[in-house]
Trainee: 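Supplied in structure tokens, the structure appears directly below.
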Amino acid sequence: MAAFNITSSHPSTFILMGIPGLEVAHVWISIPFSTFYIIGLLGNFTVLFVVYKEQTLRNPMYLLLCMLALTDIATPTFIMPKILCIFWFNLKGITVGGCLTQMFFLHAVSLMHSAVLVTMAFDRYVAICKPLRYTIILTNTQIAKLGLVGLIRAVLFIMPLPLLLSRQPFCANRIIPHTQCEHMAVVKMSCGDITVNRTYGLVLFFVVITSDLTLIALSYGLIIKAVLRLSSKKAHQKALNTCTVHICVMLTYYTPGLFSNLTSRLGQGFAPYIHIILADLYLLIPPLLNPIIYGVRTKELRDKVGKYISRK
């Protein structure tokens, strides 16, 4: 990935400034950032470990949870080492190839994360609306195939972003006022015509978000319709409880994600450091909260984790 076609008009490196306007507070900001990152890693690795060790958890729902955990591990890992180098050691340089590579993986994993959430919504739809056929429709093999489709979609959709940028001439000003090689931040470094880059990025964002949220909304619309047909209040409660966890996870991902992307593109009234902090927290908070949400709301997983903790 690092071997993008960089022409001679490119400078050899970019300078990531961190959070402009808050340079004196970089060390202090690194404390919550690194804390969120470490706790998120511990939580997601715990989920992977417990599902791997427990045969009873090797079913489609927990396979999806493992996919979510993997994306939650990968996402902050692509940015945190560089952020901490900036905050702690003032090491701000990054090669153009390294920057484009970071951009590709960041956006590809984000797209994969969204695909996993769509698949989880479909899983809940089948579990509630077609419970007798659940084990036939959704097997571990089917989930793995859906995960592969999500991965291929992410690679095909995101690959044009760094490829288009690799053909752009970059200006002498190589300073990126950001902690990461976010697409729009790098696009602004180009001295060439960036109409195609901006248009593709904007269309990609709205097409993916619209299609994924539409599929999720359709799944939950059918779920609500099926739940309303149930005569027992207890059945209502049980059916809705199975969806609560997934809804919480979606809110922690899409809400800050939409706000961060819209403010970076349209929010001219916000201070630059607000955009940057929001973009970083968008990549740190969901991986932190997801294992906590599943650990608290999913009794079977909570019991298994408690069993291993008590052994220790």
Side-chain angles (χ1 to χ4, degrees), residues 34-81 105-106 108-128 131 133-155 216 219 241-253 283-312:
S34 55
T35 302
F36 294 160
Y37 176 54
I38 292 170
I39 295 174
L41 285 182
L42 289 174
N44 285 292
F45 274 118
T46 299
V47 170
L48 292 174
F49 173 78
V50 172
V51 173
Y52 172 75
K53 297 293 285 186
E54 294 292 332
Q55 292 285 344
T56 56
L57 298 183
R58 295 184 188 179
N59 56 54
M61 175 183 168
Y62 287 101
L63 182 58
L64 284 170
L65 184 54
C66 287
M67 290 182 184
L68 191 68
L70 287 172
T71 62
D72 283 341
I73 290 169
T75 301
T77 300
F78 288 129
I79 65 166
M80 279 306 298
F105 282 111
L106 272 178
V109 171
S110 180
L111 212 61
M112 183 63 190
H113 191 117
S114 186
V116 173
L117 292 180
V118 173
T119 309
M120 293 175 85
F122 178 65
D123 171 78
R124 291 301 86 203
Y125 160 73
V126 176
I128 293 173
R133 299 185 61 199
Y134 179 82
T135 56
I136 299 174
I137 297 174
L138 284 180
T139 62
N140 288 349
T141 302
Q142 289 295 103
I143 292 297
K145 288 179 180 177
L146 290 173
L148 181 61
V149 169
L151 179 61
I152 293 172
R153 181 189 77 153
V155 171
I216 290 171
S219 295
N241 279 343
T242 63
C243 302
T244 303
V245 177
H246 185 233
I247 292 172
C248 291
V249 169
M250 285 193 302
L251 290 175
T252 62
Y253 178 74
L283 300 176
L284 288 171
I285 296 299
L288 167 71
L289 293 180
N290 287 346
I292 296 174
I293 292 171
Y294 273 100
V296 171
R297 297 291 303 180
T298 309
K299 185 179 183 301
E300 190 175 13
L301 180 62
R302 184 172 68 246
D303 291 344
K304 299 298 183 183
V305 172
K307 182 182 75 172
Y308 282 100
I309 292 176
S310 63
R311 282 181 181 177
K312 296 295 181 181

Trainee: So does L106 get a backbone contact from the side chain of S110, meaning a donor-acceptor N/O pair under 3.5 Å?
Mentor: no

Trainee: Should L48 and I73 count as side-chain neighbours, where that means a heavy-atom distance under 4.5 Å?
Mentor: yes

Trainee: What I'd like to find out is whether the side chain of V149 reaches to under 4.5 Å of the side chain of K145, using heavy atoms alone.
Mentor: no

Trainee: If you measure from CD1 on I216 to OG on S114, what distance do you get to the nearest 0.5 Å?
Mentor: 6.0 Å

Trainee: State whether the side chain of T71 and the backbone N or O of L68 hold a donor-acceptor pair below 3.5 Å, judged by distance alone.
Mentor: yes

Trainee: Please determine which of L146, L117, I143 meets the side chain to side chain contact (heavy atoms under 4.5 Å, CB included) test together with L64.
Mentor: I143

Trainee: At their closest point, which heavy atom of K53 faces which heavy atom of R58, and how far apart are they?
Mentor: N-NH2, 4.4 Å

Trainee: Could you give the distance from OH (Y37) to CD1 (I79), rounded to the nearest 0.5 Å?
Mentor: 9.5 Å

Trainee: Considering all heavy atoms of both residues, which atom of P81 and which atom of P76 are nearest to each other, and what is their separation?
Mentor: CD-O, 4.3 Å

Trainee: For the pair N59 (side chain) and Y62 (backbone), establish whether a donor and an acceptor sit closer than 3.5 Å, ignoring hydrogens and angles.
Mentor: yes

Trainee: Mark yes or no for whether R153, through its side chain, and L111, through its backbone, hold a donor-acceptor pair below 3.5 Å.
Mentor: yes

Trainee: Only one of L288, T46, T77 passes side chain to side chain contact (heavy atoms under 4.5 Å, CB included) with L41; say which it is.
Mentor: T77

Trainee: Any non-hydrogen side-chain atom of D72 less than 4.5 Å from a side-chain atom of H113?
Mentor: yes

Trainee: A144 and L63: which non-hydrogen atoms are nearest, and at how many Å?
Mentor: N-CD2, 4.3 Å

Trainee: Can you find a pair of side-chain heavy atoms, one from Y134 and one from P60, that are under 4.5 Å apart?
Mentor: yes

Trainee: Quick check against the 3.5 Å criterion: does N44 have a side-chain atom that pairs as donor or acceptor with the backbone of P287?
Mentor: yes

Trainee: Could you measure the distance from the CE atom of M120 to the CE atom of M67? Nearest 0.5 Å is fine.
Mentor: 10.5 Å

Trainee: Can you tell me how far the CD1 atom of I128 sits from the OH atom of Y125, to the nearest 0.5 Å?
Mentor: 11.0 Å

Trainee: With heavy-atom distances below 4.5 Å as the criterion, would you say the side chains of L284 and M80 are in contact?
Mentor: yes

Trainee: Can you tell if the side chain of L65 reaches within under 4.5 Å of the side chain of L301, non-hydrogen atoms only?
Mentor: yes

Trainee: Quick check: does any side chain N or O of T252 sit under 3.5 Å from a backbone N or O of V249, one acting as donor and the other as acceptor?
Mentor: yes

Trainee: Just so I know, are the side chains of E300 and T56 near enough to count as touching, which here means a heavy-atom distance under 4.5 Å?
Mentor: yes

Trainee: Determine, step by step, whether L283 and F78 satisfy the side-chain contact (heavy atoms from CB on, under 4.5 Å) criterion, reporting the C-alpha distance in whole Å, the side-chain angles of both residues, the deciding distance to 0.1 Å, and the verdict.
Mentor: CA-CA 10 Å; L283 300 176; F78 288 129; over 6 Å; no

